[in-house]
Number of protein chains: 2
Amino acid sequence: MNPSLFPQHVIARKRDGHALTREEITAFVRGATDGSWADYQLSAMLMAVFLRGMNTAETAALTDAMMRSGVVADLSSVRAPKVDKHSTGGVGDKVSIHLAPMVAACGVAVPMISGRGLGHTGGTLDKLESIPGFRVGLSMEEYRAQVGQVGCALIGQTKELAPADKKLYALRDVTATVECLPLICASIMCKKLAEGIDALVLDVKFGAGAFMKGMDDARALAQAMVDIGNAMGKPTRALLTAMDQPLGRAVGNALEVAESVACLKGEGPEDLMDVTYALGEQMLLLAGVVKNTGEARVRLAKSISSGAALAKFREIVAAQGGDGRVCEAPEALLPRAKFQRELRANKAGWAAEVVAMDVALAALQLGAGRSRAEDAVDPAVGIARLVKVGERVEAGAVIACIHANDQARLETAAHMLGEAILIDGAPVTAPRLIEEVI
Amino acid sequence: MNPSLFPQHVIARKRDGHALTREEITAFVRGATDGSWADYQLSAMLMAVFLRGMNTAETAALTDAMMRSGVVADLSSVRAPKVDKHSTGGVGDKVSIHLAPMVAACGVAVPMISGRGLGHTGGTLDKLESIPGFRVGLSMEEYRAQVGQVGCALIGQTKELAPADKKLYALRDVTATVECLPLICASIMCKKLAEGIDALVLDVKFGAGAFMKGMDDARALAQAMVDIGNAMGKPTRALLTAMDQPLGRAVGNALEVAESVACLKGEGPEDLMDVTYALGEQMLLLAGVVKNTGEARVRLAKSISSGAALAKFREIVAAQGGDGRVCEAPEALLPRAKFQRELRANKAGWAAEVVAMDVALAALQLGAGRSRAEDAVDPAVGIARLVKVGERVEAGAVIACIHANDQARLETAAHMLGEAILIDGAPVTAPRLIEEVI
């Protein structure tokens, strides 16, 4: 091997603040994939990257090398434009579940591969798995066939996809190198770009309930990902959206699927639909099937009013082995928790705060999420009928409904939720949800 | 365990530029010693320290924790003041071998534990082992007894001594985190302070043949080590000395022992004796057995002229199983190489350069040093009778004598040495050797 690509040498170059060459970055990623770099060398490099940073060219090279560390889906046989959406994650964020069929119903293919990850509530895969029979573990061949035939597949990451990311992420988690923009950016983008997409829309959350708390940090991450996507020839746009209160009114796996089905029937909560439309508009624009956002919104709205989006969702569910009747009677078909407890306002006023992280922790404690990768989630539990910030509330009105399978956990969650929701005597304006498009 | 002492948390604190607490540093060092921190966590931490630095209090805490990771010699039963000397290493640096008995002959105990390390020529231990029978692997108990009875022991590091340093040094070597002042400082000082000393004198080399090339870097390292020693209650002083040409006229294990014996007989080269006296003066001063450097020099010179230093060396050699006759007839007793080749000046002039690193590489290629830890050294080979910079040379005069056990290696070394020694037509001043005392 070229001595200038020895681990010590590449690490020293980044340590000293140099921009790494594509060859050096490729050597690093290959080392992570084939084990030729020891874990302690990878982690020293990750810390050097954390503290010295990476420019756009380096981050693009890193993303590319990580993407190529495994299988890159070849969807060239799919004739429709292929656009995915990715969210950095927020409480109650079930947008993918109804947005994907809406966009697919508009003639744009949506190849969507999601990670499971850790979280206070489950991820998209966990939510989908609350549908009886739904299978997220398709092979890459099944995935490609379904995107071609149905126009959409919602599947989980396979081992073949970006193995370098899996390795590096596990190390970052235990070496205090998670919160590093180029590394976050490459980790997200390498997996999305391996899906075989033509374009990508990102939902980058900011606020107390988001991974990135500050708007400036979120904007920087959004800009970095947009730059990388564009640099790699995949037109990319990002929305900056607020994550201070949960998105929609439901938090918990089956409860969120039910809310997504409601969205597909035209009965979705306003905030959730605002974000859904804004993301869908950009997807249709990047796919080139509409001329402007106005036209896009009309198409998306029509996909709902015509029933086409709901039908597309039924088609996806059926194609992945799920029970399509979830579209007609979600409450009857989805798992239902043993106990329901309504929480009521003890005074009249306006909802001033519904703290996303507290609601998430209440859902976690009910069993809706996992704190360790090997934990199982309880699909039935969670919180529904959440009040939204800015809403008028009468004394005794329902401000949340807890779904629990355990009485003691229900009590704790009720207490936590009571602290999370603040009713104020003075009127409160609903907060702005979509900050900007990058 | 206190969650604030979890590896990720401690790493993140240093990553973010905070000064670590003594508890955090102790947790890190304990993690390195007992394996409770994974190697990848240790190396992430080392890189964070490399890039964020450590202040004097942190470096002192690190040194202390590393020292306490193993056995700390208890020499309280030795009534004489106990002072050691440590050199950061240079070509031809055999000072310890004759300085230790000189100082011991003046009534100051010299407990000296050396590392073997990598080097172009052997370390002090390798040199001593060229004396037939000499045993450097004393137990800590034998070491203590000998320091008490003889006033000096010259031994190798045991496994019980600062195991955290051994672990961290091995990781630093492969993660590009070697050249880091607080880490270098703690690594040197933890082992020296574990010897059971009262005070310490350091010889910090600078120049092309030294670990620290630049004088400013060397001064910073010297100052940092002096600060740490003093902070830990062990009065410490450092000399900054030049390392551009080899120290003395011999490079190679047995050849250097012979030169040290010559020093003890009052026949040492001037540059070598200058450094020896300067270091010895500081040792006697810190031991409190003299009032000033003038008095110290008189005492040291008398230890040679009276034969006391040579007798002390014989006593040390005998105590460690070696053949004391090395003091009378070193050439006869020490291993001798098969071939000797004199190198002669091809013109008259003045020695303008004797490049230390080139001489070292010639010695390495003869077999005098090791490039991997598991290599054995050849005690007999090396270079003797080296010309010194500034000396007048007549055409045909000997400027070096190569000792080799292999004809081919001899030829290569002769070629290398020819390149290393530059004779100039114009007079050259002998360079300044001792830059300052810190």
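By convention in this document, chain letters (A, B, ...) are assigned in the order of the sequence lines, proteins followed by strands, and residues within each chain are numbered from 1.
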Looking only at heavy atoms, what is the nearest atom pair of [X] and [Y], with distance?
X       : Y        : answer
A:Ile11 : B:Thr175 : CG2-O, 3.5 Å
B:Ala44 : A:Ser43  : N-OG, 3.8 Å
B:Arg52 : A:Leu51  : NE-CD2, 3.5 Å

For atom [atom1] of [X], decide whether the heavy atoms of other residues, nucleotides or ligands shown that lie under 6.0 angstrom number more than 12.
X        : atom1 : result
B:Arg68  : CZ    : no
B:Lys191 : NZ    : yes
B:His415 : NE2   : no

Given A:Thr177, A:Val10, A:Val174, the one with more heavy-atom pairs under 4.5 angstrom with chain B than any other is A:Val174
So do B:Met47 and A:Lys14 actually touch side chain to side chain, heavy atoms under 4.5 Å?
-> no
Winner by heavy-atom pair count (cut-off under 4.5 Å) against chain A, out of B:Arg15, B:Gln8, B:His9, B:Met45 | B:Arg15
Checking A:Leu171 against chain B: side chain, backbone, both or neither under 4.5 Å from a heavy atom?
-> side chain
Is there a side chain to side chain contact (heavy atoms under 4.5 Å, CB included) between B:Tyr40 and A:Leu42 once you walk through the steps?
-> CA-CA 8 Å; B:Tyr40 48 78; A:Leu42 297 171; over 6 Å; no
